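Residue numbering restarts at 1 for every chain, and letters A, B, ... go by the order of the sequence lines. All heavy atoms count here, side chains included; hydrogens, waters and symmetry mates do not. None of these values were measured; they are calculated from a predicted model.
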Amino acid sequence: MSVVGVIDFETTGLSPAMGDRATEVAIVLLDGAQVVGRFQSLMNAGVRISPFIEQYTGISNEMIRAAPPAEDVMAEAARFVRGVPLVAHNASFDQRFWSAELDRLGPDASRDHPFACTMLLSRRLYPQAGSYRLQSLASFHALPPAGRAHRAMADAEVAAALLSRIRQDIQREYEVDAAPHALLVRLQRTQRKALPKAIQAYFSSALPASRQPDHENGA
DNA sequence: TGCCAGGCCCTCTTTAGGGCCTT
């Protein structure tokens, strides 16, 4: 089973293009459903945190003042996940901050990580869920609580548990032995009706005929 | 509590608009 990193950023706002910066990053390394590593750090990017964000995340300006420089934290985070594909909930958000923060380290910073998104996958796999917020999906699946919501490690832990559940459901529903990262990236762009065919195509060279997913029955 | 953005997805759609989701 290949290792993936489940990442979550806390930030000063929604858009690095508008000047927002990361304030905290957490990464949970998963090997299958097993947690094999954790990285978490506040970071000081030299920007003020609004009262709304202080209340939303619990991360205060005082906490940030005492944190290591953002560049140091991001360099360490990049080393931590070198060669490891990443997963996030609403990954387009975390991918933007990942790229923007690593861009500040210079052109040599490794930021070309393939991201998979647990929100897009959940929309495909769980049409009955209703809401696709991380906490809503955690409740929907009765995932174990992981601490204060909207802190990076707690959210990364919940997203990691959600990813494990997604992989488990793909494997059980489509009778495949694994749901590797490349398949997850493909499925998050695949319409729900086409999931069986996409999975079958992915595994067609590896699965014996008797284990091929039955795409005629749909999902 | 939510504005800023951006990508995805649904529908009263596709020559568009608005809601969801992330902080």
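Mapping A:D20 and A:R189 onto DNA chain B via the closest heavy atom, the residue that lands nearer the 5' end is A:D20.
Separation of the P atoms belonging to B:dG18 and B:dC4 is 13 Å when rounded to the nearest angstrom. Spacing between B:dT1 and B:dT15 at atom C1', rounded to whole Å, works out to 36 Å. Rounded to the nearest Å, the gap between the C1' atom of B:dG17 and that of B:dC12 is 11 Å. Between the P atoms of B:dT13 and B:dG19, the separation comes to 15 Å (whole Å).
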Sugar-phosphate means primed atoms, P, OP1 and OP2; the rest is base. With that split, encode nucleotides 17-23 of chain B 5' to 3' as B, S or - using protein heavy atoms under 4.0 Å. ---BBBB
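Side-chain atoms of A:R167 and A:V4, non-hydrogen and from C-beta on, do get closer than 4.5 Å to each other.
Near DNA chain B, defined here as any heavy-atom distance below 4.0 Å, there are no residues from residues 39-46 of chain A.
For the atom pair CD (A:E175) and CD1 (A:I170), the distance works out to 14.0 Å, reported to the nearest 0.5 Å. For the atom pair A:R123 CZ and A:M119 CE, the distance stands at 4.0 Å (nearest 0.5 Å). Rounding to the nearest 0.5 Å places OH of A:Y56 at 9.5 Å from OG1 of A:T11.
Atom P of nucleotide B:dC8 and atom CG of A:L121 are separated by 13 Å, given to the nearest angstrom.
Proximity of the aromatic rings of A:H89 and A:Y132 is defined here by a centroid distance below 6.0 angstrom, and this criterion is not met.
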